[in-house]
Amino acid sequence: MTTGLEIVRTVADLRAQVATWHAARATVAMVPTMGAIHEGHMSLVRQAASLADHVVASIFVNPLQFGPSEDFEAYPRGEARDAALLAEAGAELLYAPNASEMYPQGFATKVRVSDLTDVLCGASRPDHFDGVATVVTKLLLQCGPDIAIFGEKDFQQLLIIRRFVDDLNIPVKIVGGAIVREPDGLALSSRNAYLTAEERETAPLLHATLRQAAQEMASGLTTEHALESARAVLEAAGFRVDYLEARDPVTLAPVSGIVSAARILVAAFLGKTRLIDNVPVPPKA
Ligand code: PAF
């Protein structure tokens with residue numbers, strides 16, 4: 001398939017192209033992905049194109065961020081289709097390294113962010129965020145973009161990336177991209193493809209329930225009451241809730257009682273599929 005998108009597979013080729021753009025005083029935005037491109041990724045690429053002169057997308061299914069019983073082997077892969085969609089959204093260069101380019105023989109370094117990685121998704125996926133932090137650090141150092149964009153659907157991931165980019169003085173501006181949803185509210189995710197037809201019908205309840213809880217909290221109900229009702233609604237519909245919590249939107253510290261600004265975050269299984277979502281609690285009127 002011809003996409004008009006140049007594909008590079010080595011750090012040297014990636015750096016050569018980005019250096020050419022920078023030498024011409026042009027700005028570069030990067031959108032890291034694991035492929036299985038959907039409208040959510042495409043909106044990040046469009047946002048990147050609106051913020052910088054050139055957009056580099058990357059596709060790398062990162063083995064370090066999958067647990068032993070997770071779906072690394074089954075994770076959907078299809079480079080030609082993905083490349084066409086990324087090009088359509090405005091990417092000019094695709095960086096698609098193989099595993100030995102990313103993790104050559106002898107690779108022994110891990111990037112670990114304390115505290116932020118131990119809660120929420122980190123509590124049930126122990127090494128996940130070390131894998132994410134390690135690969136994103138490498139991607140940013142390999143590419144050297146001016147801006148890098150990550151979706152707010154992975155809200156905890158976005159905060160962790162902001163933390164280590166700051167801590168390690170990586171010279172890049174991290175930008176969050178709004179969650180893209182199906183018309184019925186389900187957040188777009190590559191893993192939605194795993195849902196059965198029946199589970200797909202139930203799935204939008206996740207977002208509807210979060211919104212309801214956020215509205216209740218914004219109108220003065222305590223965090224505990226709002227989240228207890230939300231959990232009951234989800235469990236009655238067949239969700240197995242991994243976590244459902246309200247946290248500070250910047251530090252991820254737990255919040256309780258009546259709060260003015262927070263983020264409600266959830267991970268819940270429908271059958272075998274683990275869905276995540278989050279919504280802001282709007283400040284009280
Ligand atoms: O959000 C993702 O798709 C991945 O976690 C990322 C940021 C591309 C790192 O592998």
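When a ligand or atom number is given, it counts from 1 through the structure's own listing order. It should be emphasised that the depicted structure is a prediction, and the values quoted were computed from it without experimental measurement.
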So does Arg25 pair up with Asp53, basic N to acidic O under 4.0 Å? no

Using a strict cut-off of 4.0 Å, indicate which atoms of ligand 1 neighbour a heavy atom of Gln65. 4 (C), 5 (O), 9 (C), 10 (O)

Per-residue contact class, Thr33 against ligand 1 - non-hydrogen pairs under 4.0 Å: backbone

Quick one: do Arg181 and Asp277 make a salt bridge, cutoff under 4.0 Å? yes

Using a strict cut-off of 4.0 Å, indicate which atoms of ligand 1 neighbour a heavy atom of Val135. 9 (C), 10 (O)

Among Arg125, Arg274, His128, the one residue meeting side chain to side chain donor-acceptor pair (under 3.5 Å) with Glu70: Arg125

Got a sec, which hydrophobics cluster with Phe72, joining ILVMFWY side chains under 4.5 Å apart, including via others? Met34, Val61, Phe66, Tyr75, Tyr194

Those atoms of ligand 1 less than 4.0 Å from some heavy atom in Gln157: 1 (O), 2 (C), 4 (C), 5 (O), 7 (C)

